Engineer: 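Input: one structure, supplied below.
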Amino acid sequence: VPLLGLPTGFSPNGDGHNDVLYVRWAAIKTMNLKIYNRWGQLVFETSDQNIGWDGTYNGQPQPIEAYAYVLNVSFIDGSAQLLKGNITLLR
C-alpha cells in the first residue's frame with residue numbers, strides 16, 4: 001500500500017531526537033525532495049530515501065524559519081504523488 005509522510009517540523013539541535021528530516025515511506029519506488037529557503041534558494045536535495053536534511057547548507061546551520069519543499073514520489077504500484085508545503089526548522 002503506497003504511503004507517504006513528511007514531518008512539518010524538525011529540530012537539528014544535536015540532542016539525538018528529530019535532528020534529521022527524513023521522508024517517511026512505504027512502497028516508494030523513486031523520490032526526489034527539494035527544500036528551499038525564503039529567497040527560493042535550493043538548500044537541500046535528495047533522491048535517496050536514507051539521506052535526510054540536517055538543517056545545514058554548505059556546512060552552515062540554517063536559521064530558524066519555515067522552508068518550502070517539493071516532494072515528487074512514484075510508488076511501486078505505478079501511482080505517483082507530488083507534495084508541496086512548508087517545514088519548520090527549530091533549534
Side-chain angles (χ1 to χ4, degrees):
V1 175
L3 180 63
L4 181 62
L6 190 65
T8 57
F10 74 117
S11 57
N13 57 11
D15 68 356
H17 301 285
N18 204 26
D19 286 333
V20 179
L21 177 79
Y22 291 104
V23 175
R24 304 294 181 211
W25 69 91
I28 289 179
K29 182 177 178 182
T30 64
M31 62 151 266
N32 181 264
L33 172 65
K34 294 180 181 180
I35 299 177
Y36 300 89
N37 65 18
R38 71 168 80 186
W39 298 280
Q41 179 181 28
L42 181 66
V43 296
F44 178 77
E45 181 176 13
T46 186
S47 293
D48 186 334
Q49 299 169 22
N50 298 309
I51 297 176
W53 186 38
D54 64 359
T56 63
Y57 176 65
N58 287 335
Q60 298 298 314
Q62 295 302 288
I64 296 170
E65 66 179 59
Y67 291 81
Y69 72 85
V70 177
L71 176 59
N72 194 356
V73 176
S74 67
F75 296 99
I76 59 174
D77 69 356
S79 64
Q81 191 170 2
L82 176 67
L83 295 177
K84 296 178 182 181
N86 295 310
I87 299 165
T88 303
L89 187 154
L90 304 168
R91 296 222 183 257

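The chain is numbered in sequence order, starting from 1. Please read these numbers as outputs of a predicted model, since none were measured by experiment.
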Engineer: Do Val43 and Ile51 sit in one hydrophobic cluster, given that two such residues count as connected whenever their side-chain heavy atoms are within less than 4.5 Å of each other, even indirectly?
Structural biologist: yes

Engineer: Under 3.5 Å, which donor-acceptor pairs do the side chains of residues 81-91 form with other protein atoms, sequence neighbours left out?
Structural biologist:
from  : atom 1 : to    : atom 2 : distance (Å)
Arg91 : NE     : Gln62 : O      : 3.4
Arg91 : NH1    : Pro12 : O      : 2.8
Arg91 : NH2    : Gly55 : O      : 3.3
Arg91 : NH2    : Gln62 : O      : 2.9

Engineer: Looking at OH of Tyr22 and CG of Leu6, how far apart are the two atoms once the value is rounded to the nearest 0.5 Å?
Structural biologist: 13.0 Å

Engineer: Apply the side chain to side chain contact (heavy atoms under 4.5 Å, CB included) test between Ser47 and each candidate in Asn72, Asn32, Leu33; give the one that qualifies.
Structural biologist: Asn32

Engineer: Would you say the side-chain atoms of Thr46 pair up with the backbone N or O of Asp48, donor to acceptor, closer than 3.5 Å?
Structural biologist: yes

Engineer: Would you compute the distance between atom CZ of Phe44 and atom OG1 of Thr56 and round it to the nearest 0.5 angstrom?
Structural biologist: 9.0 Å

Engineer: Taking the inter-plane angle between the rings of Phe10 and Trp53 on a 0 to 90° scale, is it parallel (under 30°), tilted (30 to 60°) or perpendicular (over 60°)?
Structural biologist: tilted

Engineer: So, using side-chain hydrogen bond (donor to acceptor under 3.5 Å, both in side chains) as the criterion, who are the partners of Gln41 when residues are at least two apart?
Structural biologist: Asn37, Tyr57

Engineer: Which atom pair, heavy atoms only, marks the closest approach of Val70 to Tyr36?
Structural biologist: CG2-CE1, 4.2 Å

